[in-house]
Amino acid sequence: MAEQSPQQEAFPKGSVKTYNLVEVVRGRTNMIEKGPDNTIFSFPVVAILELLITLGMSAVLVLFSLVKNAPLEDLANPLVTTDPAKAPWYFMGLQEMLEHAHPLVSGIILPGVMVLFVMAIPYLDNSRIGSGQWFTSPRGKKITLWTAIYTLIIMPAYIVLDNLFPPRELLRGIVPDFVAQSLIPVVILGIIVLLPLVLLMRSKPNAREVMLVLFTVLFVSAVVFTLSGFLFRGPGFKLYWPWDMPNGYNPLNNL
Amino acid sequence: MSILNSITNSRIWRSFFRHGWPDNPLDRSLIMTTNVFFHLHPVKVNLKSIRAAYSLGLGILTVAAFISLALTGTMLMFNYVPSVERAFPDIVALQNSVPFGQLFRNLHRWGAHLMVLTCVLHMARVFYTGAYKPPREFNWVVGVVLLILTLGASFTGYLLPWDQLAYWAITVGTSIASYEPMMGALIKKILLGGPEVGQASLTRFYGLHIMVIPAILLLLISLHMWRVRKDGGLAANDLDAAPLEDGQK
């Protein structure tokens, strides 16, 4: 076998160098600068932490169960409707929504859009910046705080105003039902949800900041609607103060 | 000490536990990788990811609530027949004459509310810490499905006491589904097994509540936790990674 010239020999035999630079690739490996300094073995620390959380939760649950009994009303009777008839508390946001728009919009389309949006969040905001950091940045924290305050004010106001002057009733017969029951509520809610986003757009937000606004509006709205339906709706599904319900109705008994 | 050693060195013990006493790095790794429950966790964790202020322990709390619900639910099953004649008297008897019956029912009820609550808060925590970002997108979707299943588990359990509260809550809840124009009536019929809440609904809700939904939950919770490990642990780890270069997502 003829000797190859050194120029052609890519991997010379007998060399002490056992590695070679093949190509430069932009990227990072999982363990770069994640030295052993910051890591500990999961066993036993994580196992003990999980055990402590479980024991703590059990203790709180047992204590609460000793103080407060699960509710049990009379035998189910299809002939006697309870007043108000309420869904379980986590669906009271949905039931509250039903008061403000056509059931197809408030019971199916809007919740469906919300679930699809929540599932799509990581695909709409696919940058890795700020992963693992509460609110990503001080600016993100500020955006979240102001959006939460905004939603906490405007959503209860919407519920009360829409209850006092319901366009569905006031515009009955004046405009088509579709406009009064579906279009107007969707437009009003759409403006409420998108308004903080429009304000934010002036400062050129990134995808994460847009998600912070949208998720915060949806999350705080869900909380407000759930509390409104669960605590503030009394007989006839009318709005009352929780401590001032007629007929001795106590919303907390619905848990 | 020699008795202890002879036990832990016996062939029976060694066949159960394929690792030595976990006081050294090798055995602390082996205990995590050879145990089916531990292996959902990573062998090593970043100190940042176990800070209480980061995760608030909400995921573990949800799992703990799920386990507690499975245990207390089994106790309730032993004293309950899902028929419209028997269900309500069974609950009354459970509360009045079964030892600790009222306590187990309370634990199950409040535990169910707690699980819904911690599940929702866990989702908010994951969102606000940006822990849904790549490569964790898929696990976020699994988490949303888990939240919906948790609501389903709670909702199907709500009917079982067969009192006025249960009956009308399920009547109201399922009527929301019927507003869907194309499939709504069909979905309601499939759920209730008839035009209104009755024996068929109780049978279906019971089956879903004690078997179908918990089985899927168990499977998806395992997937969810295993996926956390496969995606590099909690997202707090990412903070110790190299700073991002220009043009890199």
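Atom set for the values below is all heavy atoms of this structure, side chains included, hydrogens, waters and symmetry mates excluded. In the text below, chain A, chain B and the rest are named by the order of the sequence lines, each starting its count at 1.
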Legend entry - chain A contact via Ser55(B) - which portion, at a heavy-atom distance below 4.5 Å: neither
Inset, instruction - Among the options Met32(B), His41(B), His113(B), pick out the one with the most heavy-atom pairs lying under 4.5 Å from chain A. - result: His113(B)
Inset, instruction - Count the heavy-atom pairs under 4.5 Å between each of Leu147(B), Thr118(B), Val45(B), Ile50(B) and chain A, then report the option with the highest count. - result: Val45(B)
Legend entry - Residues of residues 69-77 of chain A contacting chain B, heavy-atom criterion under 4.5 Å, by residue number: Asn69(A), Ala70(A), Pro71(A), Leu72(A), Glu73(A), Asp74(A), Leu75(A), Ala76(A), Asn77(A)
Legend entry - Which portion of Ile170(B) sits near chain A, non-hydrogen atoms under 4.5 angstrom: neither
Inset, instruction - Select, from Gly198(B), Gly233(B), Gly173(B), Gly111(B), the one with the greatest count of heavy-atom pairs under 4.5 Å involving chain A. - result: Gly111(B)
Inset, instruction - Flag the pair Pro78(A) / Val197(B) as yes when at least one side-chain heavy-atom distance between them is below 4.5 Å, and no otherwise. - result: no
Legend entry - chain A contact via Ser49(B) - side chain, backbone, both or neither, heavy atoms under 4.5 Å: neither
Inset, instruction - Please state whether the side chain, the backbone, both or neither of Lys68(A) comes within less than 4.5 Å of a heavy atom of chain B. - result: both
Inset, instruction - Give, as side chain, backbone, both or neither, the part of Ala124(B) having an atom under 4.5 angstrom from any heavy atom of chain A. - result: both
Legend entry - Trp140(B) portion near chain A, given a 4.5 angstrom heavy-atom threshold: side chain
Legend entry - Region of Leu49(A) in contact with chain B, defined by heavy-atom distances below 4.5 Å: side chain
Inset, instruction - Pick one of side chain, backbone, both or neither for Phe41(A), based on which atoms fall under 4.5 Å of a heavy atom in chain B. - result: both
Inset, instruction - Would you mind telling me which of Ala52(B), Pro25(B), Ser178(B), Gly143(B) has the largest number of heavy-atom pairs within less than 4.5 Å of chain A? - result: Pro25(B)
Legend entry - Toward chain A, the part of Pro89(B) with a non-hydrogen atom under 4.5 Å: neither
Legend entry - Heavy-atom proximity to chain A below 4.5 Å, by part of Arg136(B): side chain
Inset, instruction - State, yes or no, whether a side-chain contact exists between Ser65(A) and Arg105(B) at a heavy-atom distance under 4.5 Å. - result: no
Inset, instruction - Please check if the side chain of Ser131(A) supplies one atom and the backbone of Lys133(B) the other of a donor-acceptor pair under 3.5 Å. - result: no
Legend entry - Choice from Leu66(A), Val115(A), Val45(A), Val46(A) maximising heavy atom contacts with chain B below 4.5 Å: Val46(A)
Inset, instruction - Please flag which part of Gln164(B) lies under 4.5 Å from any non-hydrogen atom of chain A: side chain, backbone, both or neither. - result: both
Legend entry - Near-ring test Trp134(A)/Tyr128(B), centroid separation under 6.0 angstrom: no
Legend entry - Part of Leu151(B) lying under 4.5 Å from any heavy atom of chain A: both
Legend entry - Which atoms of Ser58(A) approach chain B - backbone, side chain, both or neither, heavy atom under 4.5 Å: neither
Legend entry - Where Tyr158(B) and Leu255(A) come nearest, the two heavy atoms and their spacing: OH-C, 3.9 Å
Inset, instruction - May I ask you to name which of Tyr179(B), Tyr54(B), Trp168(B) has the most heavy-atom pairs under 4.5 Å with chain A? - result: Trp168(B)
Inset, instruction - Report yes if some heavy atom in the side chain of Asn126(A) is under 4.5 Å from a heavy atom in the side chain of Glu137(B); otherwise report no. - result: no
Inset, instruction - Kindly indicate whether a cation-pi arrangement holds for Arg208(A) with Phe127(B), taking the cut-offs as under 6.0 Å to the six-membered ring centre and within 45° of the axis. - result: yes
